[in-house]
Visitor: 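One structure follows; several queries about it will come next.
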Amino acid sequence: MKKYLLVNKFYLPGKAEKAFTEVQIVEAESPDGALASLSYEEYVSSRKLIKAVKKGTLEEDTVAIYELASKHNFLEDVVTSNRNS
């Protein structure tokens, strides 16, 4: 297992100036696995945020996935591979 740092941006629709970021470290076999575990981790750790995202009163984007040992942002790799699937 590797450790990945996930950076998520939360914002109100139409109010980008109110954006904030949340970071978390997850252990996974791959960047895809880190991204997949994100939804579970968020559900467990912050139900209020998830409820706001589901209601549409708060939006969320993952903006970076870094493998801690390499400092490489894997987000573009994950997005590209998911588009090709």
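Only heavy atoms go into these numbers, but all of them, side chains included; no hydrogens, no water, no symmetry mates.
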Visitor: Honestly curious: do Ile25 and Met1 fall in one hydrophobic cluster under the side-chain, below-4.5 Å linking rule?
Guide: no
Visitor: Does any part of the side chain of Leu5, heavy atoms only, come nearer than 4.5 Å to the side chain of Val23, both counted from C-beta?
Guide: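 Side-chain contact under 4.5 Å: yes.
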Visitor: What is the distance from atom CZ of Phe10 to atom CD of Glu22, rounded to the nearest 0.5 Å?
Guide: 5.0 Å
Visitor: Could you tell me whether the side chain of Asp61 reaches within less than 4.5 Å of the side chain of Tyr11, counting heavy atoms only?
Guide: yes
Visitor: Would you compute the distance between atom CD1 of Ile65 and atom CG of Asn73 and round it to the nearest 0.5 angstrom?
Guide: 7.5 Å
Visitor: If you take all heavy atoms of Ala34 and Ala28, which pair is closest and at what distance?
Guide: N-CB, 3.4 Å
Visitor: Taking the side chain as everything from C-beta on, heavy atoms only, tell me whether Val7 gets closer than 4.5 Å to Thr62.
Guide: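 Sidechains of Thr62 and Val7: no contact.
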Visitor: Look up atom NZ in Lys9 and atom OG1 in Thr21, then write down how far apart they are to the nearest 0.5 Å.
Guide: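 Between Lys9 NZ and Thr21 OG1, I get 10.0 Å after rounding to 0.5 Å.
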Visitor: Would you say that Phe74 contacts Glu67 through its side chain, given a criterion of any heavy-atom pair below 4.5 Å between the two side chains?
Guide: yes
Visitor: When you measure from the centre of the six-membered ring of Tyr4, is the NZ or CZ of Lys2 under 6.0 Å away and within 45° of the axis?
Guide: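 The answer is no; the distance or angle limit is not met.
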